[in-house]
Amino acid sequence: KDIGVWYILLMFSNVWSYPLCYVLALPIGDKRVQDAKHDVEDVDLVLRLVRFATDAQHRQMVFAVWIRRLDVWGLHFASRVPILRSPILFCRPHLRRKMP
């Protein structure tokens, strides 16, 4: 009977619900969020991959950052999860000096 009304209602909710949620989530009028730092590197993912593949210095820098993060995560998990301590220290023995 009223399939046309339900169709219009469903189409309206599907088409307009996501943009409406996006607009409602914007920090309009919130000075803390509007004045927040926006100093992140806004580079397309494809350009990052190309730079990673072609620039050896950039690749070394990325690996160094990830090794540091891996060490921090390793220390975190080794100090909080006792069963993971020996495998982590086996893989990264220099972390033994930094263990609490």
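The first residue in the sequence is number 1, and the count goes up from there. Just so it is clear, the structure is predicted and the values come from calculations on it, not from any experiment.
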Is there a path of hydrophobic side-chain contacts, each under 4.5 Å between heavy atoms of I/L/V/M/F/W/Y residues, joining Trp66 to Phe52? yes
In this structure, CD1 of Ile88 is separated from CG of Asp71 (nearest 0.5 Å) by 10.5 Å
Separation between CZ (Arg85) and CZ (Arg96), nearest 0.5 Å, reads 7.5 Å
- Message: I'd like to know if Phe77 and Val72 are part of one continuous hydrophobic network [Ile/Leu/Val/Met/Phe/Trp/Tyr, side-chain heavy atoms within less than 4.5 Å].
- Response: no
Open item on the list: According to a hydrophobic-cluster definition based on side-chain heavy atoms being under 4.5 Å apart (Ile, Leu, Val, Met, Phe, Trp, Tyr only), do Leu49 and Val65 belong together?
Closed with: no
Contact between Arg59 and Asp55 at the side-chain level, heavy atoms closer than 4.5 Å - yes or no? no
Rounding to 0.5 Å, atoms CD (Gln60) and CD1 (Ile67) come to a distance of 12.5 Å
Separation between CD1 (Ile8) and CD1 (Ile3), nearest 0.5 Å, reads 12.5 Å
Exercise. Can Leu70 be reached from Leu95 by stepping across I, L, V, M, F, W or Y side chains whose heavy atoms are under 4.5 Å apart?
Worked result: no
When you look at CG of Leu24, are more than 12 heavy atoms from neighbouring residues, nucleotides or ligands closer to it than 6.0 Å? yes
dist His58:NE2 -> Arg48:CZ (nearest 0.5 Å) comes out at 7.5 Å
Do any side-chain atoms of residues 15-23 form donor-acceptor pairs under 3.5 angstrom with protein atoms, and if so which ones, sequence neighbours left out?
| from | atom 1 | to | atom 2 | distance (Å) |
| --- | --- | --- | --- | --- |
| Ser17 | OG | Ser13 | O | 2.6 |

Is there a path of hydrophobic side-chain contacts, each under 4.5 Å between heavy atoms, that joins Val81 and Trp73? yes
